Amino acid sequence: MRQCARFPRSSAGAAALALALSLSACGGGTGSAGGDDGRIHVLVYGDATNKVEKQLIADFNKTSDVKAVLDTIPGADYQAKLQTIINSKQAPDIFFNWGGGSIKPFVEAGLLLPLDDFIAKDPGLKKKFLPSVFNSAVVDGKAYGIPMRGTQPVLLFSNKKVLKDAGVRQPETWQDLLAAVKKLKAEGVTPIALGGGDKWPTLMWFEYLYDRVAGPGLFQKALDGDKEAWAGAGSRKALGMLRDLADAGAFGTNYDSVKFTDQGSPTLLANGKAGFELMGSWEYATQQDSHPEFAEKNLGYSAFPTVEGGKGDPRNLVGNTNNFYSVLKKTKHPEAVAEFLKLQYSDKFVKAQLGVGNLPTTTNTEKFLDTAASPHFAHFQYDLVKKAPDFQLSWDQAYPQKATTSMYQAVQRFLNGGLDEDGFIKAMQALPTS
Amino acid sequence: MTTTSLTPPATQRRRAASGGRPPGRSGTGTSRPGSAWAAPAAVFFALFALVPLVLVAALSLSSWDGLSGPEFVGLGNWKKLLDDPVMLKSLWLSVLLTVLGVAIQTPLSILLGVWAAGHQRNRAVLSAIYFVPLLLSATAVSVLWRAVLDPNFGVPAQVSWLFGDGNLFGVQSSAIGVLVFVSAWQFTPLHTLIYQGAARAVPQVLYQAARIDGAGTVRQFFHITLPQLRNSIITSMILMVVGGLTTFETVLILTQGGPGTDTTISAFYMYQKAFKSYDYGTASAIGVLLVLVATVISLIMVRLSGYGKMRSTMEGL
């Protein structure tokens with residue numbers, strides 16, 4: 001009766017089994033996209049913006065002989081599911097992505113169609129978009145993505161009332177920010193709300209400081225495989241400044257238990273328990289949604305402070321430059337796909353995106369900014385993006401996906417003191433770049 | 001435990017009704033169901049446990065990102081894992097979480113189970129309430145506790161003498177504490193249920209005899225109840241070890257393996273490798289390693305507990 005021992009064994013087997021099953025599910029897939037059923041399948045990230053995409057597809061189907069179908073994958077699972085279906089029969093014709101590292105592995109596997117031919121036939125596919133944005137989906141000199149949805153630069157948000165009570169203004173320089181941190185701390189509020197539990201909000205501080213101190217070149221070099229870039233003087237200076245900021249108590253002490261995604265850090269800002277929060281432009285919509293009164297009256301925003309003597313242009317931005325549509329090489333209907341992509345810079349689409357709070361980066365966006373859900377905020381962002389000499393794609397999107405976990409761990413551990421400068425540099429050098 | 005447990009009684013009845021000769025009759029007198037009866041369960045087990053296990057073992061020798069076909073790399077993944085400090089740490093963390101879980105849940109559930117075995121009405125009502133966590137999914141429980149333990153808007157914000165700055169998820173010791181506590185909150189009721197049933201099955205004559213000999217409540221507990229619960233304790237501990245080693249969603253939702261890799265247990269590390277890093281080869285190697293570790297642990301437990309030659313405690317009654 002030794003078989004009683006099969007209990008634990010089979011359960012451990014079940015753990016492996018769960019993995020194996022999910023693997024084999026790659027073939028089965030839930031997506032209905034792909035194959036050739038005479039239609040083009042458009043796969044997008046499932047969220048509130050889908051209503052605009054549905055409308056767009058309905059419009060497209062009115063005139064096109066080849067019909068389009070919209071498939072969605074709910075947010076959190078998007079990238080993992082995409083990875084499992086993209087080289088299968090269920091693969092879509094066109095899919096949503098973040099450019100950069102999110103499509104690089106697909107390009108290397110030879111799955112994506114370079115869009116240069118489309119652009120040669122219709123130069124608008126390139127010219128109608130802001131260059132700093134368009135370039136995020138250029139891999140090895142070839143364009144692989146057409147911007148869709150909107151841009152999401154990272155901005156320094158604030159609670160105007162808290163700042164006023166502490167006698168602080170929206171900081172323009174790093175020194176201003178340090179002084180503000182001191183004053184806010186003396187007032188008994190957490191100077192800067194940080195959702196460290198999510199880790200990517202922590203990463204935003206690294207992205208901006210590296211850009212301001214060393215310019216976008218350092219990160220680009222590192223991404224291109226020159227690991228020594230992380231060990232340079234610019235890198236160490238940025239890390240030192242971050243350390244100073246954390247040591248000054250800017251983020252409080254319990255930020256690693258706070259998250260943005262469960263409304264933790266935005267609520268701190270809205271309730272006046274914190275003065276600032278560095279966050280993507282979606283903070284605005286988040287606050288409008290859960291704290292409408294605060295969003296209207298007291299939500300302040302500005303670009304990231306300048307750093308004196310830094311090599312980076314103070315107008316540079318970091319964040320999600322844009323979302324993109326990329327096309328699979330094996331699509332059977334390239335002409336229809338090209339027609340579909342053209343809609344991305346049509347007046348109608350731009351207006352629809354603005355209506356739901358997204359900020360498209362087409363050259364005609366400017367005309368319609370006044371129709372946006374929040375015109376002032378839309379104007380502010382659009383000007384920033386238009387004038388930015390460089391728009392750094394978030395590091396976690398620029399690196400291949402497989403680097404993300406280790407990168408998150410490194411930034412979290414550096415900020416909370418678990419890693420020193422050398423340890424952080426070593427961790428970043430160990431990240432796979434391809 | 002006999003092999004009959006593998007065959008659902010319904011099947012047995014149907015087969016018998018259709019007039020089929022009971023297979024496996026050995027002719028030595030005692031009729032025992034033959035191995036054919038185990039076929040449905042065996043096929044199921046083979047299809048959903050053995051085949052995937054073999055496939056995962058094969059995959060562990062390859063490098064595969066899900067895009068192009070798997071590429072054979074021999075023991076490459078295994079060598080990487082052996083040199084990977086996170087892997088070793090994750091095994092250690094898995095064992096630590098399991099041991100802490102057993103150490104905390106066992107005494108708690110024995111005491112609660114024995115208490116709940118009484119037939120008093122208040123005990124029945126309280127135990128009914130106490131079993132509620134059993135009905136909730138681990139995911140719901142984790143989301144709930146994540147909110148309750150929020151440093152700014154949860155309990156820690158109000159009870160600062162106990163929680164300090166409330167940075168429960170930012171420090172390894174407290175993050176592990178939270179994981180152990182939440183698992184205990186969720187699973188103690190199950191084990192309490194096991195002990196309640198077992199305690200009720202203890203023959204009353206034993207207690208009556210003990211009382212005549214002048215044994216008090218405490219003595220009765222240690223000399224009658226506890227020895228009588230021996231088999232249940234082993235069953236419950238095995239369940240705890242299995243549950244501990246396969247813990248996953250609690251970590252995924254409460255700590256995401258953080259801070260850093262301080263709560264990255266093996267099952268979660270496997271998930272990260274497979275579905276965050278798209279390194280299915282290494283993830284499969286971790287899966288196989290988990291199977292091996294669990295097998296060794298289960299063999300040790302069977303040896304130590306004498307589970308294999310377990311006898312009824314009712315003999316002679």
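Given the structure is predicted, the values throughout are model-derived calculations rather than measurements. For the numbers below, each heavy atom of this structure counts, side chains included, while hydrogens, waters and symmetry mates do not. Every chain is numbered from 1 and lettered A, B, ... according to where its sequence line falls, protein lines coming before strand lines.
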* Given that the side chain runs from C-beta out, which part of A:Tyr408 has a heavy atom under 4.5 Å from chain B: side chain, backbone, both or neither? -> neither

* Structure fact -> Checked B:Gly170, B:Pro156, B:Ser277 vs chain A; the most non-hydrogen pairs under 4.5 Å come from B:Ser277

* Structure fact -> Interatomic distance, CD@B:Gln272 vs OG@A:Ser406, rounded to 0.5 Å, equals 8.0 Å

* Around atom CG of A:Asp140, are there more than 12 heavy atoms of other residues, nucleotides or ligands at under 6.0 Å? -> no

* To do: Would you mind checking which part of B:Asp279 comes under 4.5 Å of any heavy atom in chain A, side chain (CB onward), backbone (N, CA, C, O), both or neither?
  => neither

* Which atoms of A:Pro400 come close to chain B, meaning under 4.5 Å heavy atom to heavy atom: side chain ones, backbone ones, both, or neither? -> neither

* Spacing of B:Phe275 atom CZ and A:Thr84 atom OG1 [to the nearest 0.5 Å] -> 8.0 Å

* To do: Look at the side chain of A:Asn254 and the backbone N and O of B:Gly166, then say whether any donor-acceptor pair between them is shorter than 3.5 Å.
  => no

* Asked: Should we say atom NZ of B:Lys89 is surrounded by more than 12 heavy atoms from elsewhere, each under 6.0 Å from it?
  -> yes

* Heavy-atom closest contact (A:Asn271 atom, B:Phe153 atom, distance) -> ND2-CE2, 3.6 Å

* A:Asp262 CG to B:Ile253 CD1 distance, which is reported to the nearest 0.5 Å -> 12.0 Å

* Asked: When only pairs under 4.5 Å are counted, which of B:Asn152, B:Val143, B:Ile286 shares the most heavy-atom pairs with chain A?
  -> B:Asn152

* **Closest approach of B:Pro151 to A:Ser257 (non-hydrogen atoms, all atoms of both residues)** => CD-O, 3.5 Å

* To do: Give a yes or no on whether the backbone of B:Asp65 and the side-chain of A:Gln83 come within a donor-acceptor separation of less than 3.5 Å.
  => yes

* Proximity breakdown for A:Thr405 and chain B, heavy-atom pairs closer than 4.5 Å -> side chain

* To do: Check whether B:Leu245 gets within reach of chain A through its side chain, its backbone, both or neither, counting any heavy atom under 4.5 Å.
  => neither

* Is the number of heavy atoms from other residues, nucleotides or ligands within 6.0 Å of NZ (A:Lys104) greater than 12? -> yes

* Asked: Can you find a pair of side-chain heavy atoms, one from A:Gln409 and one from B:Thr261, that are under 4.5 Å apart?
  -> yes

* Identify which part of A:Ala80 has an atom lying under 4.5 Å from any heavy atom of chain B, answering side chain, backbone, both or neither. => both

* Asked: Which answer fits A:Gln79, side chain, backbone, both or neither, if we ask what part of it has an atom under 4.5 Å from a heavy atom of chain B?
  -> both

* To do: Heavy-atom pairs under 4.5 Å with chain B are the metric here; pick the option from A:Asn416, A:Leu111, A:Ile86, A:Thr267 that has the most.
  => A:Thr267

